[in-house]
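Just below is one structure, and these are the notes that go with it.
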Amino acid sequence: MPELPEVHNFKLYFDAAATGQTIADVRVHDDYIIRNLSGPAFTDALTGRRITGSLRRGKYLFADLDNGHALLLHFGMTGDLHLYQDAVDRHKYERFALHFADGNILGFDDPRKFARILYLHDRDAYIREIKLGPDALDITRETWLDSVRGRKTSVKGVLLNQSILAGVGNLYADEICYRTRIHPASRISALSDDQLLTLHAETVAVMTYGTENAPYYKNYPENWFWHVWREEGKPGPEGVGVVKITKVAGRTTYYVEGWQEEVG
DNA sequence: TGTGATGTTGAATG
DNA sequence: GCATTCAACATCAC
C-alpha cells in the first residue's frame, strides 16, 4: 500500500481519528515494529499525551505530541490504520493500539512487520539524521537537478532513493518511467537536461494525481501502466511495444520494450 | 510447496 | 567520507 499517495491517505485518516485526542492507554501486542522502545516503555511514553497534529514527508508520517516529542509511523510494506470502538473489531494483525480518552481505538495493523515505529524526542533532528530528502510533491527543479547530477546509478535507483526525493516507491517509479518513455535501467547521467526535467515534472504530476484521486493503489485508473500491464510478453498499452519484467535497483520492474529506450 | 511482495537498513565494496 | 549494491528482515497470499 504505502507510497507517498497512500501515506497521504493515512495522514487524512490519522488526522480525523487522532488529532486533538488524548491517549488514555496503549496496548502493545507485539513490540517488534517499535524499534527504539520496549512495549512497556512505549506505553509509558505515550500515555497521557495529547496528539496535536501530524506531518507527512515522503512515506514517513509523524504524529506531534503535546510535550514537543513525536511518534513516527512508517508503514513498511503492509502497515495500516484502523479506527474502531469495540474490542471485537480488532484486526488480526494489529501490533499495537492507541486507546483514546473518548473511547475510540486506533489500531496499527501490520502482517509483515516491516513497519517502523519510533518514539522521537526531536522529529526534525530525526529527519536530518536519516537524510530524508524533500517530499516528491514539493521538490523544486533546481534541487532535483542538483541532487541528481554526478550520480552513476539507474533512473529507477534515483527515483527510489529517499534521500534524493521522498515518497516514490516501486510501483510509482515504473509508472513515471513508462510515462516519460525513459527506460528504468538507463544511467541517470546519460539523460539530457530536458529528460531530467521531464522526469521531474512527471514525478510531481503522478504524485499529485495520486494524492488527489487515487490514494489506494487498487483504485488506480485502468490505464495506469503497472496496474494493468503486468505480464511478460504482452503487447504494451495501445498495442505499442512488448511488456518486459526485469530487476532494476534490486526491485521487480516492468517496462515496455520498444517504447522505453535504454540509454547509457 | 515454493515464490514473490507497495520498504528500509546495515554491511560490504568501489 | 560518499555512492552504490544487495542480502536480510518476518510473514502472508497466491
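Each chain gets a letter, A, B and so on, in the order the sequences are listed, and its residues count up from 1.
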Exercise. Determine, stepwise, if the pair Arg116(A) / Asp110(A) fulfils salt bridge (Lys or Arg N to Asp or Glu O under 4.0 Å).
Key: CA-CA 10 Å; Arg116(A) 311 188 82 79; Asp110(A) 186 20; over 6 Å; no

Quiz item: Rounding to a whole Å, what distance do you find between Ile164(A):CD1 and dT4(C):P?
Solution: 7 Å

Quiz item: For DNA chain B, what is the dot-bracket line, given that a base pair needs Watson-Crick (N1 to N3, plus N6-O4 or O6-N4) or G-U wobble (N1-O2 and O6-N3) geometry with both distances under 3.5 Å, and | means paired with another strand?
Solution: .||||.||||||||

Quiz item: If we only count heavy atoms from C-beta on, is the Lys11(A) to Ser54(A) side-chain gap below 4.5 Å?
Solution: yes

Practice problem: Pick base, sugar-phosphate or nothing for Gly76(A), based on heavy-atom distances below 4.0 Å to the nucleic acid. | Solution: sugar-phosphate

Quiz prompt | Length of the CG-P vector between Asn161(A) and dT8(B), whole Å | solution = 10 Å

Quiz item: Between Lys59(A) and dG7(B), does any side-chain N or O lie under 4.0 Å from OP1 or OP2?
Solution: yes

Exercise. Assign the ring pair Tyr119(A) / His121(A) to parallel, tilted or perpendicular, where the plane angle (0 to 90°) is split at 30° and 60°.
Key: perpendicular

Practice problem: Report yes if at least one side-chain N or O of Arg116(A) is closer than 4.0 Å to OP1 or OP2 of dG7(B); otherwise report no. | Solution: no

Quiz prompt | Nucleotide dA10(C), atom P - distance to NZ of Lys113(A) in whole Å | solution = 8 Å

Quiz prompt | Distance between P atoms of dT3(B) and dA8(C) (Å, rounded) | solution = 16 Å

Quiz prompt | Leu199(A): which of Ile188(A), Asp194(A), Val204(A) passes side chain to side chain contact (heavy atoms under 4.5 Å, CB included) | solution = Ile188(A)

Practice problem: Mind calculating the distance between CG (Asp110(A)) and C1' (dA5(B)) to the nearest angstrom? | Solution: 13 Å

Quiz item: Roughly how far apart, to the nearest Å, are dT9(B) and dC12(C) at atom P?
Solution: 23 Å

Quiz prompt | Passing option when Phe108(A) is tested against Val28(A), Leu73(A), Asp80(A) for side chain to side chain contact (heavy atoms under 4.5 Å, CB included) | solution = Leu73(A)

Quiz item: What does Arg151(A) touch in the nucleic acid at a heavy-atom separation under 4.0 angstrom: a base, only the sugar-phosphate, or nothing?
Solution: sugar-phosphate

Exercise. Could you measure between the two P atoms, the one in dG4(B) and the one in dA7(C), and give it in whole Å?
Key: 13 Å

Self-check item: Arg57(A) bridged to Asp135(A) by N-O distance under 4.0 Å
Solution: no

Practice problem: Would you classify Tyr32(A) as touching base, sugar-phosphate or nothing, given that sugar-phosphate means primed atoms plus P, OP1 and OP2, and contacts are heavy atoms under 4.0 Å? | Solution: sugar-phosphate

Self-check item: side-chain contact (heavy atoms from CB on, under 4.5 Å) assessment of Tyr60(A) paired with Ile127(A)
Solution: CA-CA 9 Å; Tyr60(A) 291 71; Ile127(A) 290 173; over 6 Å; no

Quiz item: Where the side chain of Asn170(A) is concerned, which of dT4(C), dA10(C), dG7(B) is the nearest nucleotide?
Solution: dG7(B)

Quiz prompt | Shortest side-chain distance from Phe114(A), nucleotide among dT4(C), dT8(B), dC9(C) | solution = dC9(C)

Practice problem: Tell me which nucleotide among dT8(B), dC12(C), dA10(C) gets nearest to the side chain of His74(A). | Solution: dT8(B)

Quiz item: Does a nitrogen or oxygen in the side chain of Tyr93(A) sit under 4.0 Å from OP1 or OP2 of dT11(C)?
Solution: no

